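So the structure is just underneath, and the comments pick up after that.
Order of the sequence lines sets the chain letters (A, B, ...), proteins ahead of strands, with each chain counted from 1. Remember, predicted model here, so these are calculated numbers, not experimental data.
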Number of protein chains: 2
Amino acid sequence: MPRTAQLSKTERAQRLIPIFQHYGYDGATLNKLASATELSKASLYHHYPKGKEDMARHALAYMGSLLQKHVLAPLSGPDPEQAIQNSLSGVLNYYNGDTPICLMNSLMLGNGKTLFGKAIRETVKVWAKLLSQNIAKTGIPVIEAQEISSQTIEAIQGSLILCRIHETDTHLHDCIQNARKNILG
Amino acid sequence: MPRTAQLSKTERAQRLIPIFQHYGYDGATLNKLASATELSKASLYHHYPKGKEDMARHALAYMGSLLQKHVLAPLSGPDPEQAIQNSLSGVLNYYNGDTPICLMNSLMLGNGKTLFGKAIRETVKVWAKLLSQNIAKTGIPVIEAQEISSQTIEAIQGSLILCRIHETDTHLHDCIQNARKNILG
DNA sequence: GTCTATATAGGGATAGAC
DNA sequence: GTCTATCCCTATATAGAC
């Protein structure tokens with residue numbers, strides 16, 4: 001355990017994330033990022049030599065690790081129905097604010113899309129594939145399982161949009177409830 | 001018909017919109033907006049005295065008029081099932097690119113959210129209310145109709161996110177197909 | 001590893017000629 | 001109604017002291 005820095009790498013990522021979520025890549029200024037981390041702009045460059053791009057990359061990587069932990073890893077369990085159940089619950093832990101926001105979505109505009117669009121696309125593909133495989137394992141035809149998987153992820157993303165618009169978390173919770181019903185009966 | 005300007009107000013709005021859609025409010029620079037309209041930055045200020053805020057406001061207003069025409073007006077028809085059918089078809093006309101993008105969604109970050117968040121929220125509320133009223137008129141209990149309406153708009157927004165990520169329009173078309181089935185059987 | 005100070009570019013916005 | 005030229009400010013990034 002390094003005892004040198006005031007904030008650990010993880011803690012810094014946790015401070016950077018809300019800025020990118022609320023302002024997007026182009027709207028996230030170094031002044032905002034410096035305030036959030038309680039560092040000077042120059043100090044930020046010590047930790048993130050390539051500047052804002054590095055900061056966003058680390059923020060995205062940290063959220064990627066949380067997605068892995070809460071949403072994707074559960075989909076590798078032995079029992080498909082339990083796996084889906086756990087993964088859907090994990091979605092609520094992954095998107096966990098009063099008004100939950102998807103960092104990947106916030107980074108899909110302007111320079112953010114140019115820099116991270118490909119990585120985000122691949123992440124979403126992995127999620128959709130793992131979910132569809134589990135749905136198929138419950139006895140649903142593969143083609144149909146793929147459709148349900150895709151619709152589920154779309155519903156989650158859509159609910160997050162409405163959460164952002166109405167500044168609430170109810171749409172996401174309702175969405176997960178519906179997903180449970182639709183997939184698991 | 002004024003024959004003075006090279007581009008009409010509507011034509012200018014049509015040029016500004018893609019910039020705000022792809023870059024968001026903060027990412028849409030005056031240089032990009034000037035290029036898109038084939039005007040100098042100074043000329044833009046003649047048409048939009050308050051600058052970028054005015055440009056985004058006009059872009060949003062123009063898309064609002066299209067939403068009214070394609071999606072909302074049909075919901076005032078006499079036959080609720082036909083109204084829903086026409087409105088869902090209208091959604092495909094409203095979001096009409098190779099990779100359809102929602103301007104309101106692109107403006108829900110950073111300064112865009114500060115400036116237009118309230119107006120966007122009200123627009124979505126109107127849409128949800130009109131849709132739910134029509135669903136209720138088909139004989140579905142009001143509470144349930146509200147849920148279906150909300151879920152439909154969420155599904156549309158979610159499908160647009162996936163269209164943006166995968167650079168396609170298929171998710172939106174599939175979404176509208178499913179909405180037809182879900183609501184109209 | 002942190003900071004102040006600074007360099008350089010680009011952003012939004014305006015003046016004023018045509 | 002359009003433009004060039006300009007202004008001021010902020011944004012990103014770097015230099016170099018501590």
Closest to the [X] side chain, choosing from [options]:
X: B/Ser40; options: D/dC3, D/dT12, C/dA13; result: D/dC3
X: B/Lys52; options: C/dG12, C/dA15, C/dC3; result: C/dG12
X: A/Leu39; options: C/dT2, D/dC3, D/dT2; result: C/dT2
X: B/Tyr45; options: D/dT12, C/dT2, C/dA13; result: C/dA13

Counting any heavy atom closer than 4.0 Å, what does [X] reach on the DNA or RNA strands: base, sugar-phosphate only, or nothing?
X: A/Lys41; value: base
X: A/Thr29; value: sugar-phosphate
X: B/Ala28; value: sugar-phosphate

>> Given 3.5 Å as the limit, does a donor-acceptor pair link the side chain of A/Tyr25 with the main chain of A/Glu53, or not?
In response: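 Present.
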> Atom CG of B/Asp26 to atom P of C/dG12: distance rounded to whole Å?
Replying inline: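 Taking CG of B/Asp26 and P of C/dG12, I get 9 Å after rounding.
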> How long is the line joining OH of A/Tyr48 and P of D/dT12, in whole Å?
Replying inline: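 It works out to 15 Å between those atoms.
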>> On the nucleotide C/dG10, are OP1 or OP2 found under 4.0 Å from the side-chain N or O atoms that B/Asn31 carries?
In response: no
> Looking at B/His46, does any N or O in its side chain come under 4.0 Å of the phosphate oxygens OP1/OP2 on D/dG1?
Replying inline: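 Affirmative; the distance criterion is met.
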>> If hydrophobic clusters are built by linking Ile, Leu, Val, Met, Phe, Trp and Tyr wherever their side-chain heavy atoms come under 4.5 Å apart, do B/Val142 and B/Ile135 end up in the same one?
In response: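 In one cluster: no.
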> Out of curiosity, A/Thr99 OG1 to A/Leu160 CG, how far, rounded to the nearest 0.5 Å?
Replying inline: 10.0 Å
>> Return the CG to NE2 distance between B/Leu103 and B/His22, rounded to the nearest 0.5 Å.
In response: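 Here the rounded value is 11.0 Å.
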